[in-house]
Amino acid sequence: GCIEANSYQQGWFVPHDVTGMVNLMGGKEKVIADLTDFFNKTPSNMLWNEYYNHANEPVHFVPFLFNQLEVPWYTQKWTRYTCEKAYANKVEGIVGNEDVGQMSAWYIFNTMGFYPTAPSSNVYNLGSPGLAAVDMKMSNGKHLRMTTKNWSAKNVFVKEVYLNGKKYDKSYITYNDIKDGADLHFVMSSRPNYKRGVAERAVPPSVSEKR
């Protein structure tokens, strides 16, 4: 049994070995179909439910599995959707218990367009930035700047990414890319870019693969 979850939600929780999990679950196409169904059945208010239950932290990394399945436009779609539906500027502005800051941390990361799904890997999966621009001063005094072009509520898909002024085709960045400060620029669109971030080299490695 599961406490505050179910086996469907907990079954995705293998962030250190996504490749191994996908093989066990029937392969890439089957997992894409299962994940799509998982999100499509999530209620629009995103309150406690049996599918993508953003109100409870164990599923917070799940939207980023689409990156490693080489369909990153679904990561972009569902991270922006979650930012819109699960957070609001009001007294009850978060759909679940804050739990030592995780709900807010997820939101802050995703306003900048990336998220650490398996922190021990030093990999940050790219999503879709929830704000047009952010300038964050890091603890070492360096700045991580995120900017966008064509950002709007409707333009949830990433057409291009530039890291420190150079075109960047991966679906992730690493700690080494940003530890000394960085400029991350997203070009947004209302339509998915089906070519960007889909090559094998563009997919974030599992922790077990790196070892």
Quiz item: Considering only heavy atoms from C-beta outward, does the side chain of K77 approach that of F39 to under 4.5 Å?
Solution: no
Practice problem: Mind listing the closest non-hydrogen atom pair of Y172 and P205 along with its distance? | Solution: CZ-CD, 3.9 Å
Quiz item: Is the backbone of F38 close enough, under 3.5 Å, to the side chain of T42 for a donor and an acceptor to pair up by distance?
Solution: yes
Practice problem: Nearest 0.5 Å please: distance from the CZ atom of F114 over to the CD1 atom of I178. | Solution: 5.0 Å
Self-check item: Inter-residue atom distance R196.CZ - S171.OG, 0.5 Å rounding
Solution: 7.5 Å
Quiz item: Is there any side-chain hydrogen bond (donor to acceptor under 3.5 Å, both in side chains) pair reaching into residues 185-195, and which pairs are they, with sequence neighbours excluded?
Solution: T147-H185
Quiz item: When rounded to the nearest 0.5 angstrom, what is the spacing between NZ in K179 and CG in N122?
Solution: 9.5 Å
Side-chain donor/acceptor pairs under 3.5 Å, residues 160-167, sequence neighbours excluded:
from: E160; atom 1: OE1; to: Y162; atom 2: OH; distance (Å): 2.8
from: N164; atom 1: OD1; to: D183; atom 2: N; distance (Å): 2.9

Exercise. List for me each residue that meets side chain to side chain donor-acceptor pair (under 3.5 Å) alongside T82, sequence neighbours excluded, and say none if there are none.
Key: none
Practice problem: Look at the side chain of Q76 and the backbone N and O of V158, then say whether any donor-acceptor pair between them is shorter than 3.5 Å. | Solution: yes
Exercise. Over all heavy atoms of both residues, which pair between S152 and R80 is shortest? Give the atoms and the distance, please.
Key: O-NH2, 2.6 Å
Quiz prompt | Heavy-atom pair with the smallest gap, counting every atom of F186 and G127 | solution = CE2-O, 4.1 Å
Exercise. Would you please name every residue forming a ring pair (Phe, Tyr, Trp, His ring centres under 6.0 Å) with Y74, sequence neighbours left out?
Key: F66
Practice problem: Could you check if a side-chain atom of M136 sits within less than 4.5 angstrom of a side-chain atom of M112, using non-hydrogen atoms only? | Solution: yes
Quiz item: Applying salt bridge (charged side-chain N to carboxylate O under 4.0 Å, His left out), which residue pairs with at least one partner in residues 122-135 are found, sequence neighbours left out?
Solution: D135-R145
Quiz item: Hey, is the main chain of I173 close enough, under 3.5 Å, to the side chain of D177 for a donor-acceptor pair?
Solution: no
Self-check item: Distance, nearest 0.5 Å, that separates CG of L69 from OG1 of T36
Solution: 9.0 Å
Practice problem: Please list, chain by chain and in numerical order, all residues satisfying side chain to side chain donor-acceptor pair (under 3.5 Å) with Y124, sequence neighbours excluded. | Solution: none
Self-check item: Partners passing side chain to side chain donor-acceptor pair (under 3.5 Å) against N53 (at least two apart in sequence or in another chain)
Solution: none
Quiz prompt | Gap between atom OG1 of T111 and atom CG of L131 - 0.5 Å precision | solution = 5.0 Å
Self-check item: Qualifying side-chain hydrogen bond (donor to acceptor under 3.5 Å, both in side chains) pairs with a residue from residues 92-103, counting only residues at least two apart or across chains
Solution: H60-Q102, E98-S104, Q102-Y115
Quiz item: Would the Y81 and H54 ring centres measure less than 6.0 Å apart?
Solution: no
Self-check item: Backbone of G197 reached by a side-chain donor or acceptor of D169 within 3.5 Å
Solution: no
All N/O donor-acceptor pairs, side-chain side in residues 26-35, below 3.5 Å, sequence neighbours left out:
from: K28; atom 1: NZ; to: E70; atom 2: OE1; distance (Å): 2.8
from: K30; atom 1: NZ; to: D34; atom 2: OD2; distance (Å): 2.9

Practice problem: Sequence neighbours left out, what passes salt bridge (charged side-chain N to carboxylate O under 4.0 Å, His left out) with K41? Give chain and number order. | Solution: D37
Quiz item: Where is the tightest heavy-atom contact between Q10 and C2, given as atom of each residue plus distance?
Solution: CG-SG, 3.9 Å
Practice problem: Please answer whether the main-chain N or O of E4 pairs with a side-chain N or O of N56 as donor and acceptor at a distance below 3.5 Å. | Solution: yes
Quiz item: Which residue pairs satisfy the ring pair (Phe, Tyr, Trp, His ring centres under 6.0 Å) criterion with at least one member in residues 132-158, sequence neighbours excluded?
Solution: none
Quiz item: When rounded to the nearest 0.5 angstrom, what distance separates CH2 in W73 from CG in N67?
Solution: 10.0 Å
Quiz item: Can any side-chain N or O of N110 pair as donor or acceptor with the backbone N or O of T79 at less than 3.5 Å?
Solution: no
For residues 12-25, which side-chain N or O atoms pair as donor and acceptor with protein atoms under 3.5 Å away, sequence neighbours left out?
from: W12; atom 1: NE1; to: Y8; atom 2: O; distance (Å): 3.2
from: D17; atom 1: OD1; to: G20; atom 2: N; distance (Å): 3.0
from: D17; atom 1: OD1; to: S208; atom 2: OG; distance (Å): 3.1
from: T19; atom 1: OG1; to: E209; atom 2: OE2; distance (Å): 2.6
from: N23; atom 1: ND2; to: T19; atom 2: O; distance (Å): 3.3

